[in-house]
Number of protein chains: 2
Amino acid sequence: MRERVQDSGNCKVAANRRLHPDSHTCDLCEARAFNMCNALEPEELARLAAIMSHQTVEAGGTFIEEGAAADDLFNLTSGTVKVFKLLSDGRCQITGFMMAGDFLGLSRGGTYAYSATAITPVTFCRFQRPQLRGLFNELPKIERQMLGLAMNELMAAQDQMVLLGRKTARERIASFLLTLSDRAVRRGRPGNPVDLPMTRGDIADYLGLTTETVSRSFTQLKTERVIALKGNHGVEILDLDALVEIAGIDERSTAMAFDTIA
Amino acid sequence: MRERVQDSGNCKVAANRRLHPDSHTCDLCEARAFNMCNALEPEELARLAAIMSHQTVEAGGTFIEEGAAADDLFNLTSGTVKVFKLLSDGRCQITGFMMAGDFLGLSRGGTYAYSATAITPVTFCRFQRPQLRGLFNELPKIERQMLGLAMNELMAAQDQMVLLGRKTARERIASFLLTLSDRAVRRGRPGNPVDLPMTRGDIADYLGLTTETVSRSFTQLKTERVIALKGNHGVEILDLDALVEIAGIDERSTAMAFDTIA
DNA sequence: CGAGATCTTGATCTGGTTCAAAGCAAGTGG
DNA sequence: CCACTTGCTTTGAACCAGATCAAGATCTCG
């Protein structure tokens, strides 16, 4: 299995790197509080653990390819993943950056609806669909938890549509930084020096811009003393109020979360 | 209750028009096959029907307002609804056009995540959240069905992100027409003279464009004999292959649907 | 340390917006 | 039954935010 690379702008698709199986205990899982395992009793958790395997992928590894048979479902436990779709001429749209607690593997007609590539080294729990489906019948809690996660993702997707359809480059960058900061905080990490594991190109593909425009917007905000750049992969928010103001007043956004459907 | 109108570009928000309660039998429901009632046995359906009320809203009526207390969930049975979010300065992004079978009422922190306005007269089933939640425990089937619906919506949202982030105006219009056509077919309606109940302004707010650009793109496709305009609310597809070609080759899109999560 | 990748900056170009003004179609009331 | 309003839609002309093209500067990591 050597890495076939199909060029497509920033979103090169390298074939699956070797997946490294890994021992793992749910007790210590850092994603536990945010994911579908959240509501489970120890005994139930054990049953879930019985049908899953825990694995790692190195940075740059593509472990889901759009159009391939959707055999598995993934539950991230650490690291950051970019989820994206490509147009035939190579244009790329990243639909989300996934972190610990997020699940991956949406399918349409039995094939994956998007590709997923590790930006940092990642670890995840992997489930085979038929087995997971079986467990759903016995533990409807899981299904409910997933419905909640799906609803949250749907709301995030709607916010992203507003961003892509109606916001300026500057507003997009500001919103992006605030969203990342919020997400970090909600995962118990510091929200201020914002960590940007992805490249400028990835940010561009996420925000519907070009690398150059992303860079210029950062520079502009830096010049205005709203942010400070900490190398290529970190941003310090110097003036939060200003950033919120620039983002446009819809940053209720990802602020709170997890209403169940009813 | 008179209509307060808060101007905001194309997406004026008029206060709830009177909701007309309505008698209704699930047996005859035209949305039955596509919505969350689909998998239910007659006896189960009766229990669902017991906690719902069936209502109508006239065209132009706004029955969900972003930020208001999210007390109810809606399940459309006929008509077309636009779902949208507004920025503080009035910019509007329509995140979807909903039809029979779609559900409405996503909430975040107890308040609705978006507004919804009827484009045509609509009818829907209305559920109160607490009651529906109660039924979930007894009929997990409903929850599963909703998870499937949510997943489908999520995939549609991802396609829309590609459209908004990376497609040209021409490509957006072509994709839009194909998607509407597909949806009509999947609901057992003719797919070819495509019905456009919404205005050019609505289409613009959905596709991240302006009214003028939408109009110009239609005119261009008409000049090229790819489509023919049938008044303001209809489009005949004259050259389907060309339209698919123009849309960009990702129109697997809404083509098929309804994989369950696992 | 050095080479490739990533990031910034500058100059120019353009697709889509904005601003402005007719068309057009569906009522409405005289 | 027809002028008149009203709300879309189309078309035209000027403009601009962001894209594209083209160097450099700066990381990153073997």
Side-chain angles (χ1 to χ4, degrees), chain A residues 5 7 9-12 14 58-60 82 87 89-93 119-121 163-174 176 196-223 227-235 246 248, chain B residues 5 7 9-12 14 59-60 82 89-93 119-120 163-174 176 196-223 227-235 246:
Chain A
V5 172
D7 185 278
N10 286 306
C11 290
K12 298 180 171 123
E58 64 202 279
K82 64 177 173 184
L87 294 180
D89 62 359
R91 277 173 290 173
C92 171
Q93 177 66 39
I119 283 177
T120 64
L163 181 148
L164 291 170
R166 290 301 181 212
K167 289 191 178 180
T168 65
R170 187 180 161 74
E171 290 168 338
R172 292 180 200 204
I173 294 290
F176 176 65
L196 302 175
M198 66 293 290
T199 67
R200 298 287 187 267
D202 287 336
I203 297 174
D205 282 339
Y206 180 58
L207 299 179
L209 301 168
T210 58
T211 312
E212 294 92 329
T213 300
V214 170
S215 182
R216 278 187 249 269
S217 301
F218 274 130
T219 304
Q220 189 191 21
L221 292 174
K222 185 181 73 178
T223 307
I227 62 172
L229 300 182
K230 301 288 180 194
N232 286 339
H233 296 288
V235 167
I246 293 166
Chain B
V5 171
D7 186 276
N10 286 306
C11 292
K12 297 182 173 127
K82 63 177 174 185
D89 62 357
R91 276 173 290 174
C92 171
Q93 178 66 39
I119 284 178
T120 64
L163 181 149
L164 292 170
R166 290 300 182 214
K167 289 191 178 180
T168 64
R170 187 181 161 73
E171 289 168 339
R172 292 180 201 206
I173 294 290
F176 176 65
L196 301 175
M198 66 294 289
T199 67
R200 298 286 187 267
D202 288 335
I203 298 175
D205 282 340
Y206 180 59
L207 299 180
L209 301 168
T210 58
T211 311
E212 294 91 330
T213 301
V214 170
S215 181
R216 279 187 249 270
S217 301
F218 273 130
T219 304
Q220 190 191 22
L221 291 174
K222 186 181 71 177
T223 307
I227 61 172
L229 300 182
K230 301 288 178 195
N232 286 339
H233 297 288
V235 167
I246 293 167

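- Side-chain atoms of B:Arg91 come within 3.5 Å of backbone atoms of A:Arg166 as a donor-acceptor pair (strictly under, hydrogens ignored).
- When each of A:Arg166 and A:Asn232 is assigned the nucleotide of DNA chain C with its nearest heavy atom, A:Asn232 is the one assigned upstream, toward the 5' end.
- Comparing C:dG16, C:dT8, D:dA19 against the side chain of A:Thr213 picks out D:dA19 as the nearest.
- The one candidate from B:Val214, B:Ile227, B:Ile246 that meets the side chain to side chain contact (heavy atoms under 4.5 Å, CB included) condition with B:Ile173 is B:Val214.
- Counting only heavy atoms from C-beta outward, the side chains of A:Gln93 and A:Leu87 never approach each other to under 4.5 Å.
- Rounded to whole Å, the distance from CD on B:Glu212 to C1' on D:dC8 is 12 Å.
- The side chain of A:Ser215 lies closest to C:dT8, out of C:dT8, D:dT28, D:dT10.
- At the heavy-atom level, A:Thr219 lies under 4.0 Å from the strands shown only through sugar-phosphate atoms.
- Between the CG atom of B:Asp89 and the P atom of C:dT18 there is a distance of 11 Å, given to the nearest Å.
- Ranked by how close their nearest DNA chain C nucleotide is to the 5' end, A:Phe218 and B:Thr210 are led by A:Phe218.
- In this entry the distance linking CG of B:Leu209 with P of C:dG16 reads 7 Å, nearest Å.
- What separates CG of B:Leu196 from P of D:dT10 is a distance of 11 Å, to the nearest Å.
- Rounded to whole Å, atom P of C:dT6 lies 13 Å from atom CD1 of A:Ile203.
- Looking at B:Arg172, its side chain never comes within 3.5 Å of a backbone N or O of B:Tyr206 through a donor-acceptor pair.
- For A:Arg172 and D:dA17, the CZ to P distance is 14 Å, given to the nearest whole Å.
- Using a 4.0 Å heavy-atom distance criterion, A:Leu229 is classed as a sugar-phosphate-only contact.
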Next item on the list: Dump the intermediate steps for side-chain contact (heavy atoms from CB on, under 4.5 Å) on A:Gln220 and A:Arg170, then the final yes or no.
Entry: CA-CA 9 Å; A:Gln220 189 191 21; A:Arg170 187 180 161 74; 3.3 Å; yes
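- Rounded to an integer number of Å, the gap from A:Lys230 NZ to C:dC7 P is 18 Å.
- Residue A:Arg216 places a side-chain atom within donor-acceptor reach of the base of D:dT20, judged by atom type and a 3.5 Å distance cut-off alone.
- Of the candidate nucleotides D:dT10, D:dC21, C:dT8, D:dT10 has the atom lying nearest to any side-chain atom of B:Arg200.
- In this structure, A:Arg170 places its CZ atom 18 Å from P of D:dC16, rounding to the nearest Å.
- The listed nucleotides are D:dC8, C:dC7, C:dT17; the one nearest the side chain of B:Thr199 is D:dC8.
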